[in-house]
Amino acid sequence: QKLHDKIRTGGAERLMYILHEKMSYSKKNARLLSKVIQNSMSGFILDAATTSLNDLKKAEDQNKKFILKLIDHYKEKEI
């Protein structure tokens, strides 16, 4: 559980850095979106691993589409 927490925290911090520093999102939006993105990645992976409806490649493709739409939608808006 501690290892999982470290991995998720590190991933969210990297995402926040990219969104804020490289893509010019406000710090507030970058923080919130990084958590949403991290959670969506976990959710899509879990779905692929625990159901017969999705394989990992399909889950990856679906998650990429979701994340791109999400970050595009919130580019100019405050959450």
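- Listed here is the closest heavy atom pair of Phe66 and Ser40: CE2-CB, 3.6 Å.
- Remark: side-chain polar atoms of Asp47 are not paired, donor with acceptor, to backbone N or O of Gly43 under 3.5 angstrom.
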For residues 16-24, dump all side-chain donor-acceptor pairs below 3.5 Å to protein atoms at least two apart in sequence or in another chain.
from, atom 1, to, atom 2, distance (Å)
His20, ND1, Tyr25, O, 2.8
His20, ND1, Lys27, N, 3.4

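- Atom CD of residue Glu13 and atom CD of residue Gln38 lie 10.5 Å apart, to the nearest 0.5 angstrom.
- Linking ILVMFWY residues whenever their side-chain heavy atoms come closer than 4.5 Å, directly or via other members, leaves Leu56 and Met41 in distinct clusters.
- With rounding to the nearest 0.5 angstrom, the CG atom of Asp61 is 8.5 Å from the CG atom of Asp55.
- Results of the side chain to side chain contact (heavy atoms under 4.5 Å, CB included) test with Gln62 over Glu60, Lys58, Lys65 single out Lys58 as the only residue that passes.
- In this structure, NZ in Lys28 is found 7.0 Å from CG in Leu32, a value given to the nearest 0.5 Å.
- Taken to the nearest 0.5 Å, the CD1 atom of Ile71 stands 12.0 Å off from the CG atom of Asn29.
- Scanning both residues, Ala12 and Ser34, for their nearest heavy atoms gives O-CB, 3.4 Å.
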